[in-house]
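Reading through the structure tokens given below for one structure.
Just so you know, ligand 1 is whichever comes first in the structure, and atom 1 is the first atom listed for that ligand.
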Amino acid sequence: MQKFILNCAVTGAVHTPTMAPYLPIKPEDIAAQAIAAAEAGASTVHIHARDPKTGMPTGSIDIMGDIVSTIHAKCDVIICITTGGGMNMTVDERVAAVPVFKPELASCNLGSMNFALFPILEKIKEWKYDWEPQYLEMSKDFIFRNTFADLERILDVFTESGTKPEFEAYDIGHLHNAHHFFSKGQIENPFYVQFVTGILGGIASTIPHLVHMKQTGESLFGKNFMFSTIGAGRHEFPLATTSLLLGGSARVGLEDNLWLSAGQMAKSNAQLVEKMVRIARELDYEPASPDETRKILKLKGRAQVNM
Ligand code: KMH
Ligand code: ZN
């Protein structure tokens with residue numbers, strides 16, 4: 001059985017409560033769903049925080065602390081804290097949790113881009129919270145900021161915190177941005193990157209694009225290059241399955257996709273993880289355990305975090 005890293009993105013900052021009735025919002029629910037996703041086979045969980053009253057993405061250190069300390073106390077899953085945060089946060093707010101909790105992994109977004117969610121407004125007219133349509137409308141004139149200066153600062157914070165970056169590449173140019181830092185020795189092997197496909201403003205979720213991203217990565221980083229793939233929405237399982245067949249890993253979860261199958265919403269992150277494990281095992285792939293993943297990614301281990 002060929003091993004791969006199965007990552008679960010539990011709540012994110014893309015979906016809002018009205019779109020996603022099963023999206024975990026409260027810290028205790030985000031933590032519980034992360035633990036259940038780990039029990040279903042995920043070896044890493046990607047964590048965002050939300051305001052428990054409104055579901056709005058938040059950079060609150062206290063709320064993030066509630067979430068990650070609960071997961072860390074109950075489970076050996078690898079916690080990957082987001083530095084992507086939400087569209088309502090500055091770069092400093094986005095990265096603030098890393099020096100506090102010193103996670104083994106944290107996301108690091110490889111370039112600025114338009115991050116467009118506003119087309120969803122055409123599909124939903126009634127909203128539970130006023131902030132939701134405002135947040136989505138804002139994305140029409142929003143630049144997800146990750147300048148080279150931002151990346152330099154973020155990478156320095158990761159180094160000081162002993163945190164390994166899980167890079168997020170939304171397009172081919174983002175891989176070349178990473179190579180700029182790799183050639184300066186600011187990125188250690190193995191270079192681990194999520195191909196984030198299907199966000200309007202970034203590369204689309206197609207197999208030819210995925211193959212091109214893999215080939216670009218291999219040409220830039222050689223054998224020390226490890227990729228995983230995110231397909232947004234209905235593309236999640238086709239792109240994740242293709243990623244395995246291309247020698248990569250996979251990310252599933254309600255942050256990126258609300259659908260278990262056509263017309264059927266997933267009721268939990270664990271359901272999405274269980275489906276990915278079933279598909280993988282049918283093709284003789286097995287999700288790596290958290291400790292196997294730590295060895296593959298050369299992570300510092302649970303004892304070195306502050307949670
Ligand atoms: N929400 C995904 C499209 C991050 O949190 O740093 C990308 C992501 C970025 O997960
Ligand atoms: Zn995220």
Which residue pairs satisfy the salt bridge (charged side-chain N to carboxylate O under 4.0 Å, His left out) criterion with at least one member in residues 278-290, sequence neighbours excluded? Arg281-Glu286

Pair Tyr170, Leu110 - check side-chain contact (heavy atoms from CB on, under 4.5 Å), show working. CA-CA 8 Å; Tyr170 299 72; Leu110 281 167; over 6 Å; no

Is the distance from the Zn ion (ligand 2) to the nearest N/O/S atom of Glu255 under 2.8 Å? yes

Does one side chain, of Asn7 or Thr44, offer a donor that lies under 3.5 Å from an acceptor on the other? yes

Can you list the other members of the hydrophobic cluster that holds Phe101, where links are side-chain heavy atoms under 4.5 angstrom apart? Val10, Ile30, Ile35, Val45, Ile47, Ile61, Ile63, Met64, Ile67, Val68, Ile71, Val77, Ile79, Ile81, Val100, Val305, Met307

Would you kindly say whether Thr11 and Arg50 are connected by a side-chain donor-acceptor distance under 3.5 Å? yes

Side-chain donor-acceptor distances from residues 189-201 under 3.5 Å, at least two apart:
residue : atom : partner : partner atom : Å
Gln194  : OE1  : Ser228  : OG           : 3.0
Thr197  : OG1  : Ser205  : OG           : 2.7
Thr197  : OG1  : Ile230  : O            : 2.7

Measure and list all N/O to N/O distances between ligand 1 and the protein that fall under 3.5 angstrom.
residue  : atom   : partner : partner atom : Å
ligand 1 : 1 (N)  : Glu255  : OE2          : 2.7
ligand 1 : 5 (O)  : His46   : NE2          : 3.0
ligand 1 : 5 (O)  : His48   : NE2          : 2.9
ligand 1 : 5 (O)  : Thr82   : OG1          : 2.7
ligand 1 : 6 (O)  : Thr82   : OG1          : 3.3
ligand 1 : 6 (O)  : Gly84   : N            : 3.2
ligand 1 : 6 (O)  : Ser107  : OG           : 2.6
ligand 1 : 6 (O)  : Asn109  : ND2          : 2.9
ligand 1 : 10 (O) : His46   : NE2          : 3.1
ligand 1 : 10 (O) : Arg251  : NH1          : 3.3
ligand 1 : 10 (O) : Arg251  : NH2          : 3.0
ligand 1 : 10 (O) : Glu255  : OE2          : 2.7

